[in-house]
Amino acid sequence: MKSIILVGGKGTRLRPLTFEMPKQMLPLVGQPMLECVFASLAKHNVDEVVLSLGYLPDQFIEAYPLGSIQGVKLTYAVEPEPLDTAGAIRYAAIAGGIDDTFLVVNGDVLTDLDLSELVTFHERRHALGTIALHEVDDPSRYGVVTTDDEGRVAAFVEKPPRESAPSNLINAGTYVFEPEVIDFIAPDRKVSVEREIFPFLADRGSLFAMPDNAYWIDTGTPESFLQANVDVLHGFDVGRHLEHLAGTTWRHPSATVAPGVRSRNAVIDRDCVIGTDVVLENVVLMPGAIVRDGAHVRNSLIGPRAVIGSSSVLGPTCVVGADYVVPEHSRLAGEVKLGDI
Ligand code: GDD
Ligand code: MG
């Protein structure tokens with residue numbers, strides 16, 4: 001079965017990291033997040049992916065020039081301008097010659113959802129579209145769905161205020177579609193699948209949704225990107241064996257770590273340098289990051305080649321952009337974003 005992966009968003013909530021790199025190329029324990037998404041598609045007989053690109057497309061094309069990831073064939077559809085989610089699906093479906101039942105995946109979601117079960121659910125109901133659902137406490141940053149007993153969608157509301165959300169079941173960002181759906185998407189303008197196409201299909205009674213209890217996380221915010229890293233450190237399967245994992249710290253073999261470093265739930269990527277008496281807890285250090293002696297870094301994302309000055313204390317939730325230098329003895333906590341904003 002063919003699948004479209006949407007990776008054309010600007011990743012605004014992960015700025016400044018996403019100024020340098022598209023969200024799906026950010027490393028999840030040393031491996032681009034996109035490869036983790038491919039690992040789960042490969043498990044479920046997806047044999048061809050159309051990567052729907054718009055923002056910084058060259059980084060994907062340069063990283064995967066051979067046209068395959070994890071054994072799955074890969075083609076690219078580069079939008080001339082951002083078409084929003086449904087516009088992107090239409091554009092990629094036409095570019096990829098899709099003419100049969102197909103999958104669509106939000107490329108920033110990490111899950112072990114059983115895709116084969118979702119496709120079977122879709123086929124049994126003769127649906128035009130089927131959405132995977134996930135239950136959360138606060139649905140306000142997601143698409144919220146209500147269904148009848150058979151799974152037919154009664155309402156789809158994108159990002160409602162928390163108090164008016166009609167349920168706690170959210171759009172998990174994985175869809176099965178029949179090719180006819182493409183004809184409902186207007187050409188040559190921005191169209192949102194969540195705000196336009198899902199409500200339209202729901203009104204026609206052609207949209208279904210399947211609740212699921214699988215592991216699921218949208219990695220699009222600093223907190224959730226950190227959590228996804230921690231979950232991989234704790235064993236969530238992303239299709240590779242994690243070498244160089246000591247306890248809950250993963251360390252690239254090229255990293256230099258001085259004695260006396262205390263770490264828990266930490267990712268220390270390629271060419272990082274960590275000074276003496278550093279404390280790292282719930283931290284992702286991207287390639288080439290430097291943490292100088294005595295710094296304490298907690299619940300933070302440190303971008304490529306950034307430097308954390310000696311004796312600094314960084315707390316929830318600092319996002320330090322590429323090449324940024326945090327002066328020594330800094331005290332930073334709260335929603336701190338450092339770099340070109
Ligand atoms: N090609 C392309 N073009 N891709 C896009 C565009 C575009 O114009 N806009 C967004 N995308 C991609 C993003 O890169 C991402 O992989 C996916 O579409 C979803 O966009 P996000 O920006 O991550 O949306 P969200 O997290 O706020 O909400 C979406 O995901 C939730 C689940 O994670 C919605 O689908 C919600 O309904 C859903 O609950
Ligand atoms: Mg998202």
Side-chain angles (χ1 to χ4, degrees), residues 3-15 18 21-26 32-34 36-38 41 49-57 59-61 75-96 103-111 113 129 131-146 153 155-160 165-175 177 185 188-199 201-202 207 209 211-212 214-225 227-228:
S3 178
I4 294 170
I5 306 185
L6 299 176
V7 295
K10 290 185 178 152
T12 49
R13 290 163 292 188
L14 281 169
R15 283 178 182 169
T18 43
M21 213 184 272
K23 174 161 66 171
Q24 294 82 1
M25 289 302 287
L26 290 175
M33 187 199 309
L34 183 65
C36 306
V37 175
F38 267 78
L41 294 181
V49 163
V50 186
L51 208 53
S52 166
L53 304 173
Y55 180 62
L56 301 177
Q59 292 203 17
F60 294 96
I61 298 166
T75 56
Y76 301 104
V78 185
E79 287 157 38
E81 65 207 52
L83 292 171
D84 208 341
T85 42
I89 293 168
R90 181 179 192 279
Y91 190 87
I94 292 170
L103 284 161
V104 174
V105 180
N106 282 352
D108 61 344
V109 166
L110 196 62
T111 181
L113 168 74
I131 305 172
L133 298 177
H134 180 74
E135 192 170 346
V136 295
D137 289 337
D138 176 9
S140 59
R141 60 174 265 235
Y142 304 105
V144 184
V145 180
T146 53
V153 173
F156 187 104
V157 199
E158 183 68 3
K159 303 193 173 92
S167 83
N168 279 6
L169 290 173
I170 59 128
N171 164 23
T174 302
Y175 323 127
F177 284 130
I185 305 172
D188 307 324
R189 71 163 168 91
K190 286 188 179 200
V191 184
S192 158
V193 77
E194 297 88 352
R195 295 180 195 275
E196 207 170 317
I197 302 304
F198 286 153
L201 291 175
L207 185 65
D212 192 87
Y215 170 86
W216 184 91
I217 192 165
D218 174 329
T219 63
T221 67
E223 293 78 10
S224 64
F225 183 74
Q227 186 60 49

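Numbering of ligands and ligand atoms starts at 1, following listing order.
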Report task. With side chain to side chain contact (heavy atoms under 4.5 Å, CB included) as the test, would you mind laying out the steps for His134 and Asp212 before giving the verdict? Result -> CA-CA 6 Å; His134 180 74; Asp212 192 87; over 6 Å; no
Requested in this report: List the closest protein heavy-atom neighbour of atom 32 (C) of ligand 1: residue, atom name, distance to the nearest 0.1 Å.
Outcome: Asn171 O, 3.4 Å
Report task. Evaluate the side chain to side chain contact (heavy atoms under 4.5 Å, CB included) criterion for residues Leu201 and Phe156: first the C-alpha distance (whole Å), next the side-chain angles of each, then the deciding distance (0.1 Å), finally the verdict. Result -> CA-CA 10 Å; Leu201 291 175; Phe156 187 104; over 6 Å; no
Query raised in the report: Can you tell me which residue and heavy atom of the protein come closest to atom 8 (O) of ligand 1, and the distance to 0.1 Å?
Result: Asp84 N, 2.9 Å
Report summary line: All heavy atoms of Thr146 vs all of Ser167, minimum pair found to be CG2-CB, 3.9 Å
Report task. Answer side chain, backbone, both or neither: which part of Val7 comes under 4.0 Å from ligand 1, heavy atoms only. Result -> backbone
Query raised in the report: Given side chains that start at C-beta, do those of Ile197 and Ile89 come closer than 4.5 Å, heavy atoms only?
Result: no
Query raised in the report: Step by step, would you call Tyr215 with Leu110 a side chain to side chain contact (heavy atoms under 4.5 Å, CB included)?
Result: CA-CA 8 Å; Tyr215 170 86; Leu110 196 62; 4.2 Å; yes
Requested in this report: Give the contacting part of Val193 toward ligand 1: side chain, backbone, both or neither, where contact means a heavy-atom distance below 4.0 Å.
Outcome: neither
Report task. Return a yes/no value: protein heavy atom under 4.0 Å from atom 11 (N) of ligand 1? Result -> yes
Query - Identity and separation of the nearest protein heavy atom to atom 23 (O) of ligand 1 - result: Asp108 OD2, 2.8 Å
**Report entry** Close approach, Lys10 and ligand 1, non-hydrogen under 4.0 angstrom
**Finding:** no
Requested in this report: Ignoring hydrogens, just give me the one of Val78, Leu6, Leu83 whose non-hydrogen atom is nearest atom 18 (O) of ligand 1.
Outcome: Leu6
Query raised in the report: Any side-chain heavy atom of Val191 within less than 4.5 Å of one from Arg90?
Result: no
Query raised in the report: Does the side chain of Ile170 reach to within under 4.5 Å of the side chain of Trp216, using non-hydrogen atoms?
Result: yes
Query raised in the report: Backbone N or O of Val193 within a donor-acceptor pair of the Thr85 side chain at under 3.5 Å?
Result: yes
Query - Protein residue, atom and distance nearest to atom 35 (O) of ligand 1, heavy-atom basis - result: Glu194 OE2, 2.6 Å
Query raised in the report: For Gly143 and ligand 1, does the shortest N/O to N/O distance drop below 3.5 Å?
Result: yes
Query raised in the report: Between Lys159 and ligand 1, does any nitrogen or oxygen pair lie at a separation below 3.5 Å?
Result: yes
Query raised in the report: Under 3.5 Å, side chain of Thr18 to main-chain N/O of Lys23, donor-acceptor pair present?
Result: no
Query raised in the report: For atom 29 (C) of ligand 1, which protein heavy atom lies nearest, and how many Å away is it?
Result: Asn106 ND2, 3.6 Å
Report task. Could you check atom 13 (C) of ligand 1 against the protein and tell me its nearest heavy-atom contact, residue, atom and distance included? Result -> Gly9 N, 3.5 Å
Query - Thr219 vs Leu26 side-chain heavy atoms within contact, under 4.5 Å - result: no
Query raised in the report: Can you tell me the N, O or S atom of Asp218 that's nearest the Mg ion (ligand 2)?
Result: OD2
Query - N or O pair under 3.5 Å between Gly8 and ligand 1 - result: yes
**Report entry** Backbone or side-chain N or O of Arg141 under 3.5 Å from ligand 1 N or O
**Finding:** no
Query - Test side chain to side chain contact (heavy atoms under 4.5 Å, CB included) applied to Arg141 and Ser224, step by step - result: CA-CA 12 Å; Arg141 60 174 265 235; Ser224 64; 4.2 Å; yes
Query raised in the report: Under 3.5 Å, N or O to N or O, is Ala88 touching ligand 1 that way?
Result: no
Query raised in the report: Backbone, side chain, both or neither: what part of Trp216 comes under 4.0 angstrom of ligand 1, heavy atoms only?
Result: side chain
Requested in this report: Please state which part of Tyr175 comes within less than 4.0 Å of ligand 1, counting heavy atoms only: side chain, backbone, both or neither.
Outcome: side chain
Query - Shortest protein contact, atom 22 (O) of ligand 1 (heavy atom only) - result: Arg13 NH2, 3.7 Å
Query raised in the report: Which part of Ser52 is near ligand 1, with near meaning a heavy atom under 4.0 Å away: side chain, backbone, both or neither?
Result: both
Report task. Determine which of the N, O or S atoms in Asp108 is closest to the Mg ion (ligand 2) and give its atom name. Result -> OD2
Query raised in the report: Tell me: protein heavy atom nearest atom 33 (O) of ligand 1, and distance?
Result: Asp218 OD2, 2.6 Å
Query raised in the report: Does the N or O separation between Phe156 and ligand 1 drop below 3.5 Å for any pair?
Result: no
Query raised in the report: Which ligand 1 atoms, with their elements, are less than 4.0 angstrom from a heavy-atom of Gly107?
Result: 16 (O)
Report summary line: Note: His134, heavy atoms under 4.0 Å from ligand 1, region reported as neither
**Report entry** Heavy-atom check, side chain of Phe198 versus side chain of Asn171, under 4.5 Å
**Finding:** yes
Query raised in the report: Which heavy-atom pair separates Gly107 from Val7 by the least distance, and what is that distance?
Result: CA-CG1, 4.1 Å
Query - Side-chain touch Pro32/Phe60, heavy atoms, less than 4.5 angstrom - result: no
Query raised in the report: Tell me, do Asn106 and Asp218 make a side-chain contact under 4.5 Å, heavy atoms counted?
Result: no
